[in-house]
Amino acid sequence: MQVEQLHPWPSTVAEAEAIQDRLRGHVELTGPDTFALVAGLDVHYHGPGDDLTAAVVVMDAATLAVVEQVVAHGKAAFPYVPGLFAFRELPALVEALEQLTVTPDLLVCDGYGLAHPRGFGLACHVGVLTGLPALGVGKTPFVGRHEPPGAERGAWTPITHDGATVGRALRTQRGVKPVYVSQGHRITLDTATDQVLRLAPRYRLPEPVRRADHLARHPG
DNA sequence: GCGACAG
DNA sequence: ATCTTGTCGC
């Protein structure tokens with residue numbers, strides 16, 4: 001599939017933040033509520049340097065059968081700065097997405113979307129650059145405040161930041177830590193929550209993200 | 001064995 | 001984020 005390139009690539013924190021502030025205006029918070037093909041995205045860092053592997057696994061949303069999977073090897077493209085995490089992983093993720101012969105209907109990112117200090121996390125970047133619906137699933141609370149959700153699968157509480165709802169803490173499995181869901185692009189928070197829940201019937205994380213994580217760790 | 005959790 | 005060790009439990 002074709003992915004828009006981000007140019008020029010930022011070389012300073014100020015430039016990266018300016019890109020986020022500019023692209024934030026492109027985010028759409030409504031979109032379809034059903035998806036045939038769902039892709040999980042993840043990156044694994046290895047070695048002492050900045051070497052990394054990006055993986056994308058496309059699954060049939062109804063059956064959770066794997067339709068296609070691709071990897072791209074590269075290096076972190078930016079220093080680690082909280083809030084600018086996306087710039088490390090974006091080039092490798094884009095390179096992987098471009099290898100896909102099918103176009104997913106939804107991208108599920110390992111990280112945040114709207115629940116981000118400037119309201120523009122990795123899932124927003126990926127969504128805006130592809131033009132596809134995208135959502136973010138985080139494993140640890142990153143920004144904002146929330147109450148712990150109830151113990152049962154499907155329970156959720158809002159995550160608020162500066163008085164606005166930016167995501168949800170969602171219990172995908174009973175007795176397991178919640179995940180943190182936020183909108184990336186072209187999706188409502190209700191739909192994002194529903195998708196994460198249905199894509200995680202057995203484990204804490206959505207199946208496409210689990211598969212991508214596994215593939216990034218053990219490519220080939 | 002794999003997954004959750006500790007720190 | 002990474003790595004390593006160990007416990008518990010399905």
Side-chain angles (χ1 to χ4, degrees), chain A residues 9-10 13 16-17 20 40-57 59 64-66 69 71-97 107-113 115-118 120-126 134-144 146-157 159 167-182 184 196-220:
Chain A
W9 191 255
V13 165
E17 290 178 341
Q20 291 184 326
L41 285 64
D42 194 21
V43 169
H44 181 245
Y45 294 81
H46 39 97
D50 284 336
D51 298 297
L52 54 77
T53 299
V56 179
V57 176
M59 305 180 79
L64 296 185
V66 175
Q69 48 185 29
V71 297
H73 303 286
K75 287 186 173 291
F78 204 79
Y80 176 72
V81 180
L84 301 179
F85 186 66
F87 292 97
R88 291 175 71 69
E89 307 191 338
L90 217 40
L93 285 172
V94 167
E95 208 178 296
L97 287 168
L107 304 178
V108 181
C109 301
D110 181 46
Y112 286 87
H116 174 275
R118 271 175 307 285
F120 200 80
L122 175 66
C124 299
H125 278 88
V126 170
L135 66 85
V137 181
K139 296 182 284 291
T140 56
F142 178 50
V143 74
H146 66 91
E147 297 295 323
E152 68 279 15
R153 168 174 154 85
W156 58 265
T157 53
I159 301 170
R168 285 174 186 166
L170 172 67
R171 192 86 63 185
T172 53
Q173 299 295 328
R174 181 167 206 107
V176 167
K177 284 196 300 183
V179 297
Y180 304 91
V181 179
S182 58
V196 170
L197 198 56
R198 74 173 56 244
L199 291 169
R202 175 140 167 64
Y203 300 111
R204 182 187 180 215
L205 292 176
E207 208 61 26
V209 171
R210 290 185 69 247
R211 295 279 193 147
D213 179 88
H214 188 89
L215 181 59
R217 288 172 195 267
H218 311 107

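First the proteins, then the strands, lettered A, B, ... as listed; each starts at 1.
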Over how many whole Å does the gap from [X] atom [atom1] to [N] atom [atom2] extend?
| X | N | atom1 | atom2 | answer |
| --- | --- | --- | --- | --- |
| A:E207 | B:dG3 | CD | P | 9 Å |
| A:D51 | C:dT2 | CG | P | 14 Å |
| A:R88 | C:dT2 | CZ | C1' | 11 Å |
| A:R204 | C:dC10 | CZ | C1' | 19 Å |
| A:E89 | C:dA1 | CD | P | 9 Å |
| A:R174 | B:dC5 | CZ | P | 14 Å |
| A:R211 | B:dG3 | CZ | P | 11 Å |
| A:K139 | C:dT2 | NZ | P | 8 Å |

Please work out which of the three classes, parallel, tilted or perpendicular, describes the rings of A:F78 and A:F87, given edges at 30° and 60°.
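Plane angle between 30° and 60°, so tilted.
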Which of the following nucleotides, B:dC5, C:dA1, B:dC2, is nearest to the side chain of A:R210?
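Output: B:dC2.
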Which listed nucleotide (C:dT2, C:dA1, B:dG3) is nearest to the side chain of A:R217?
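Given the options C:dT2, C:dA1, B:dG3, the side chain of A:R217 is closest to C:dT2.
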Between A:D42 and A:R211, does any side-chain N to carboxylate O distance fall below 4.0 Å?
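Judged by the 4.0 Å cut-off on N to carboxylate O distance, A:D42 and A:R211 do not form a salt bridge.
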By the 4.0 Å heavy-atom rule, please label A:R202 as base, sugar-phosphate, or nothing.
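The residue A:R202 makes no contact with any strand.
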Categorize A:Y203 for me: base, sugar-phosphate, or nothing, with a 4.0 angstrom heavy-atom threshold over every strand shown.
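Sugar-phosphate: the residue A:Y203, judged by heavy atoms under 4.0 Å, touches backbone atoms but no base.
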Return yes if some donor-acceptor pair links the side-chain N/O of A:R171 with the main-chain N/O of A:V176 below 3.5 Å, else return no.
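Yes: the side chain of A:R171 pairs with the backbone of A:V176.
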N/O (side chain, A:H44) to phosphate O (OP1/OP2, C:dT2) under 4.0 Å
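For C:dT2, OP1 or OP2 has a side-chain N or O of A:H44 closer than 4.0 Å.
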So for atom CD, which belongs to A:E152, do other residues, nucleotides or ligands contribute more than 12 heavy atoms lying within a distance under 6.0 Å?
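It does: A:E152 CD has more than 12 such atoms within range.
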